Number of protein chains: 2
Amino acid sequence: MSATDTKKKRDAEATRKRILEAAKKEFAKNGLGGARVDEIADRAKANKRMIYHYFGSKEDLFRAVLEAAYLHIRNAEKRLELDNLPADEALEKLVKFTWDYYLKHPEFITLVNSENLHRARHLKDAETIADATMGLVAMVEKILLRGQEQGIFRDGIDSVQLNITIAAIGYYYLTNRFTGSILFKRDMMNPEALEERLSFNVETIMRLVRA
Amino acid sequence: MSATDTKKKRDAEATRKRILEAAKKEFAKNGLGGARVDEIADRAKANKRMIYHYFGSKEDLFRAVLEAAYLHIRNAEKRLELDNLPADEALEKLVKFTWDYYLKHPEFITLVNSENLHRARHLKDAETIADATMGLVAMVEKILLRGQEQGIFRDGIDSVQLNITIAAIGYYYLTNRFTGSILFKRDMMNPEALEERLSFNVETIMRLVRA
DNA sequence: GACTTAATGCACTAACTAGTTACTTCTGAA
DNA sequence: TTCAGAAGTAACTAGTTAGTGCATTAAGTC
């Protein structure tokens, strides 16, 4: 059987992956409480027993899904290589990337919401993810310093607050797109609306940092 | 029995209110899916039968809670009477109010999150709330116009985008306070942190609108 | 004080759900 | 070829949950 043949009758790693992927979708759609283990098993074309075999419990499965989701975005951010860009371009790129990432991975938002509903109890000792996040903060800190040296950014900006704000203006718009579209009586998700929001966000952040 | 005596053996209105209040807490704590009807009945010191008598179903109860929550914040905003203030003061007051409201009513955030997880299906024909929200947008629009006439605000700012942004920078910080406190390795909820965030938010919005 | 109507309480059910038991089937190393 | 251990399955359990049927009790009306 060749290495690329994915139709092996037995493949622990592949089954594990299918379960993780199915779980991500189900948790994202229904939250931790609303997700059904049976549904995850079906989606993964696996047996429920396999879930308990590989992950131990529904909560531990959620933890695994959540950690994978955080590591995925942190890695994508790292690959931006913002250090090689002029400060203003780097910051704008990060704002745009963050927006695009949330747009392409709505499940990330829902997972984070679910985790916060549960007071982050699955993340309690996720040292790796916290470290990766501090790496992102350091990245932004470097951008800020470069911009200040150039004289285009003001100083005294807290890089954690800036990070939070960059996330916030995209995240809030997208997580509340359903209630928002009703309450503001406008379709928040058509291409023009999305584009308009992205430029508004870029403007917000650039005005925030400019000297 | 006096009018102020709240211990009447039968009081439909009071029971209804107790159920609504209890449901708000339970839905806020566990989301729509995670909330337990029995728990709501217990908290309300009512019988589960009463919930179905007054509200018909768990989903309809959730709808009632959600509508009450939206009307509450919209009314509070209206009472700010921002029309009587200079444009810059009015805007700053709105930013601060929004922050304080979320801080004092964390259940509002959780309810909105829950509703968006369910694609806003309970809000589908909430005309009243949409109208109230458009009233808020109009209020901000007036502030922007006043500021422009004074020459202190730039023009071309979309009042819906501004509204969304004002909400976003407070909402995101608070809804993600649990994961945030772990990932950023700082306590996001101590008084100094809260104060710092509020000034950051005011700064963000004022820089966004200034000419 | 009898009558009507609404409020309340209890006990039940039908469906569902996370997790398990006990088993079969496959794989690869010796 | 054998066989131990890993992968996989189906049926089950014990507990939970939204929702109901029905009887009872109180309040207001005449």
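All figures in this text were calculated on a predicted structure; none of them were measured in a lab.
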What do you reckon, is NZ of A:Lys17 surrounded by more than 12 foreign heavy atoms closer than 6.0 Å? no
Is it the case that more than 12 heavy atoms not belonging to B:Lys124 sit under 6.0 Å from its NZ atom? yes
Atom [atom1] of [X] and atom [atom2] of [N]: how far apart are they, to the nearest Å?
{"X": "A:Phe62", "N": "C:dA18", "atom1": "CZ", "atom2": "C1'", "value": "16 Å"}
{"X": "B:Asp42", "N": "D:dT17", "atom1": "CG", "atom2": "P", "value": "12 Å"}
{"X": "A:Ile51", "N": "C:dT20", "atom1": "CD1", "atom2": "P", "value": "13 Å"}
{"X": "A:Asn47", "N": "C:dT25", "atom1": "CG", "atom2": "P", "value": "15 Å"}
{"X": "A:Glu13", "N": "D:dA6", "atom1": "CD", "atom2": "P", "value": "15 Å"}
{"X": "A:Arg49", "N": "C:dA22", "atom1": "CZ", "atom2": "P", "value": "12 Å"}
{"X": "B:Tyr52", "N": "C:dC10", "atom1": "OH", "atom2": "P", "value": "17 Å"}
{"X": "A:Phe55", "N": "C:dA18", "atom1": "CZ", "atom2": "P", "value": "16 Å"}

What's the closest nucleotide to the side chain of [X] if the choices are [options]?
{"X": "B:Met50", "options": "C:dT8, D:dG8, C:dA18", "result": "C:dT8"}
{"X": "A:Val37", "options": "C:dT20, C:dA18, D:dG8", "result": "C:dA18"}
{"X": "B:Arg36", "options": "D:dT17, D:dG19, D:dT20", "result": "D:dT17"}
{"X": "B:Lys58", "options": "C:dA22, D:dG19, C:dA18", "result": "D:dG19"}
{"X": "A:Lys48", "options": "C:dG9, D:dT20, C:dA18", "result": "C:dA18"}

Looking across every strand, which nucleic acid part, if any, lies under 4.0 Å from A:Ala35 by heavy atom: base, sugar-phosphate, or nothing? sugar-phosphate
5′-ward residue of the pair B:Leu32/A:Lys45 relative to DNA chain D: A:Lys45
So, OP1 or OP2 of C:dA18: does either fall under 4.0 Å of a side-chain N or O from A:Ser57? no
Report yes if at least one side-chain N or O of A:Tyr54 is closer than 4.0 Å to OP1 or OP2 of D:dG8; otherwise report no. yes
A:Phe27 vs A:Phe62 aromatic rings, parallel, tilted or perpendicular, using cut-offs 30° and 60°? perpendicular
Do the ring planes of A:Tyr171 and B:Tyr172 sit parallel (below 30°), tilted (30 to 60°) or perpendicular (above 60°)? perpendicular
When you compare the side chains of B:Thr165 and A:Arg197, does any donor N or O come within less than 3.5 Å of an acceptor on the partner? yes
